[in-house]
Amino acid sequence: MTRKRFDPGREILDEEIHRLKLYSRRILKCLDMLPEDAIWWRPNAASNSAGNLALHLAGNVRQWIISGLGGAADVRQRDHEFSERGPMPRRLLATLLARTVNEACGVLKRTPTSRLGARFSKQGFTTTRLRAIAHVTEHFAYHAGQILYITKLKLGRDLRFTRLPKQKKRQKRG
């Protein structure tokens, strides 16, 4: 039996792919659970809706991974991600996010680990490919958490993505 040589770069890329897929599945589940109008609900003018955050994530992933690393045209309209008020149909929003994440994962799968240190520029920042990938995944996780929290607020229940500890029964004193 021949053992593959351990490639830390490939290990990192595989983990980033796993995380993008995991968080996107959770976001898609939230979009499915929320009533259509709740997708665009904002607690106040200084906050974003779950819909805006999903658009923002699709735009960010497309710009940095698909365009920045994959070489596709940069067609991002960042201001639109935040100005959209709906009702963009749930199916369209979910399809946009799912396709973007799948396309980005394809780019990451094809990324040679020898190129992870290569520098490039996007949004006025110059960084390495590895740092850009890590930043995109961190950014995705941050906003996924916001979408999950909005969903919990609107539905008033646990989303069952993780197992919460059981509550201990209080003992009566007497």
Counting N and O atoms only, with roles assigned by atom type, does the side chain of [X] sit under 3.5 Å from a partner on the main chain of [Y], one being a donor and the other an acceptor?
X: R62; Y: A58; value: no
X: T95; Y: L92; value: no
X: R26; Y: I147; value: no

In terms of hydrophobic clustering (I, L, V, M, F, W, Y; side-chain heavy atoms under 4.5 Å; direct or indirect links), are F125 and F140 co-clustered?
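Same hydrophobic cluster.
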
Test of understanding: clusters of I, L, V, M, F, W, Y form through side-chain heavy atoms closer than 4.5 Å, transitively. Do V107 and L22 belong to the same one?
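Yes, one cluster joins them.
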
Shortest non-hydrogen contact between [X] and [Y], atoms and distance:
X: L155; Y: P35; answer: CD2-CD, 4.3 Å
X: L159; Y: C30; answer: CD1-SG, 3.8 Å
X: T128; Y: R119; answer: CG2-NH1, 3.6 Å
X: T126; Y: S121; answer: OG1-OG, 2.7 Å
X: W64; Y: A132; answer: CE3-CB, 3.8 Å
X: G9; Y: T113; answer: C-CG2, 3.4 Å

How about [X]: does its [atom1] atom have over 12 heavy atoms from other parts shown lying under 6.0 Å from it?
X: F82; atom1: CZ; value: yes
X: F120; atom1: CZ; value: yes
X: R85; atom1: CZ; value: yes

Given side chains that start at C-beta, do those of [X] and [Y] come closer than 4.5 Å, heavy atoms only?
X: I65; Y: T100; result: no
X: T151; Y: F161; result: no
X: I150; Y: S49; result: no
X: E15; Y: H18; result: yes
X: M33; Y: K154; result: no

Rounded distance [0.5 Å steps], [atom1] in [X] versus [atom2] in [Y]:
X: T137; Y: L13; atom1: OG1; atom2: CG; result: 9.5 Å
X: R5; Y: D7; atom1: CZ; atom2: CG; result: 6.0 Å
X: I66; Y: N60; atom1: CD1; atom2: CG; result: 10.5 Å
X: H135; Y: L130; atom1: NE2; atom2: CG; result: 13.5 Å
X: E138; Y: R131; atom1: CD; atom2: CZ; result: 12.5 Å
X: Q63; Y: D74; atom1: CD; atom2: CG; result: 4.5 Å

Let me see the working for L69 and L108 under side-chain contact (heavy atoms from CB on, under 4.5 Å), right down to the final yes or no.
CA-CA 8 Å; L69 302 182; L108 295 177; 4.2 Å; yes

Quiz question: by atom type and distance under 3.5 Å, do the side chains of S67 and K122 form a donor-acceptor pair?
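There is such a pair between these side chains.
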
Under the criterion side-chain hydrogen bond (donor to acceptor under 3.5 Å, both in side chains), which of H80, E81, E84, R42 is the partner of N52?
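Exactly one pass, corresponding to R42.
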
As a quick check of understanding, evaluate side-chain contact (heavy atoms from CB on, under 4.5 Å) for I133 and L116, giving each step before the final call.
CA-CA 9 Å; I133 293 164; L116 290 175; 4.0 Å; yes

Using 30° and 60° as the class limits, which term best fits the ring planes of H139 and H143: parallel, tilted or perpendicular?
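H139 and H143: perpendicular rings.
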
